[in-house]
Amino acid sequence: MKNIADKGSEIIVTTNTSEIKTKKLISCAGLYSDKITKMTNEKNDVVIIPFRGEYYKIKDEKNIW
Ligand SMILES: Cc1cc2nc3c(=O)[nH]c(=O)nc-3n(C[C@H](O)[C@H](O)[C@H](O)COP(=O)(O)OP(=O)(O)OC[C@H]3O[C@@H](n4cnc5c(N)ncnc54)[C@H](O)[C@@H]3O)c2cc1C
């Protein structure tokens with residue numbers, strides 16, 4: 001998906017190979033959702049900041065839960 005043009009009565013989605021006209025558009029772009037949102041007229045300041053998670057396990061004797 002390269003561009004999204006909301007023309008009111010229809011949405012035009014431009015890809016590398018074609019142009020798709022539709023009335024509704026659901027985006028499931030995962031970590032690229034913010035970039036897809038920027039292709040639309042929607043005002044949204046949300047930015048996805050991916051990072052690797054680190055998880056630690058508390059020693060059993062220190063675990064109060
Ligand atoms: C290395 C790694 C390991 C992981 N391991 C696990 C695990 O073990 N268990 C677990 O539960 N979760 C895991 N996750 C997290 C999991 O992958 C995500 O939470 C899940 O895939 C999110 O699903 P999604 O459908 O929202 O997005 P995604 O699966 O990311 O799908 C988004 C899709 O949009 C497409 N896309 C993006 N931009 C465009 C564009 N401009 N045009 C066309 N297509 C586009 C992408 O190509 C992709 O196919 C892992 C993630 C990573 C990176």
Side-chain angles (χ1 to χ4, degrees):
M1 188 184 319
K2 292 173 70 178
N3 192 51
I4 301 167
D6 188 349
K7 302 289 184 186
S9 59
E10 65 180 3
I11 301 162
I12 302 171
V13 178
T14 307
T15 73
N16 286 338
T17 54
S18 65
E19 207 173 77
I20 300 159
K21 293 179 181 171
T22 181
K23 287 192 183 343
K24 306 274 183 197
L25 178 66
I26 299 171
S27 167
C28 310
L31 295 176
Y32 294 92
S33 299
D34 54 345
K35 291 176 177 59
I36 298 294
T37 302
K38 282 188 177 31
M39 293 179 190
T40 71
N41 296 329
E42 294 294 322
K43 294 273 176 278
N44 194 327
D45 294 334
V46 173
V47 177
I48 293 178
I49 304 169
F51 59 91
R52 181 170 173 265
E54 297 277 351
Y55 302 93
Y56 297 94
K57 188 170 185 294
I58 298 170
K59 288 180 181 173
D60 286 341
E61 68 269 19
K62 301 285 185 187
N63 190 347
I64 59 170
W65 304 104

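Below, all heavy atoms of this structure are taken into account, side chains as well, without hydrogens, waters or symmetry copies. Indexing begins at 1, ligand by ligand and atom by atom, following the structure's order.
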Answer yes if a protein heavy atom lies under 4.0 Å from [atom], otherwise answer no.
| atom | answer |
| --- | --- |
| atom 15 (C) of ligand 1 | no |
| atom 49 (O) of ligand 1 | no |
| atom 8 (O) of ligand 1 | no |
| atom 11 (O) of ligand 1 | no |
| atom 21 (O) of ligand 1 | no |
| atom 37 (C) of ligand 1 | yes |
| atom 42 (N) of ligand 1 | yes |

Can you tell me which residue and heavy atom of the protein come closest to [atom], and the distance to 0.1 Å?
| atom | answer |
| --- | --- |
| atom 45 (C) of ligand 1 | A29 CB, 4.9 Å |
| atom 44 (N) of ligand 1 | M1 N, 4.7 Å |
| atom 31 (O) of ligand 1 | C28 O, 3.8 Å |

[atom1]-[atom2] distance between [X] and [Y], expressed to the nearest 0.5 angstrom:
| X | Y | atom1 | atom2 | answer |
| --- | --- | --- | --- | --- |
| I36 | N3 | CD1 | CG | 10.0 Å |
| I4 | N41 | CD1 | CG | 9.5 Å |
| K7 | E10 | NZ | CD | 8.5 Å |
| K21 | S9 | NZ | OG | 10.0 Å |

ask   = Would you find a donor on one side and an acceptor on the other, under 3.5 Å apart, between the side chain of D34 and the backbone of I48?
value =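 Side chain of D34 to backbone of I48: a pair is present.
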So which heavy atom on [X] is nearest to which on [Y], and how close?
| X | Y | answer |
| --- | --- | --- |
| M1 | V13 | CG-CG1, 3.7 Å |
| K38 | V46 | NZ-O, 4.3 Å |
| T40 | T37 | OG1-O, 2.7 Å |

inquiry  = Once you restrict to heavy atoms under 4.0 Å, what part of I36 touches ligand 1? Side chain, backbone, both or neither.
reply    =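 Side chain only.
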message = Regarding ligand 1, does M39 bring an N or O atom to under 3.5 Å of one of the ligand's N or O atoms?
response =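 No, since none of the N or O atoms of M39 sits under 3.5 Å from an N or O of ligand 1.
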ask   = In the single-linkage hydrophobic clustering (I, L, V, M, F, W, Y; side-chain heavy atoms under 4.5 Å), do I12 and M39 co-cluster?
value =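 No; tracing contacts between hydrophobic side chains, which count when under 4.5 Å, never links both residues.
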Numbered atoms of ligand 1 (with element) below 4.0 Å of G30, judged on heavy atoms =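 Every atom of ligand 1 under 4.0 Å from some heavy atom of G30: 26 (O), 27 (O), 30 (O), 32 (C).
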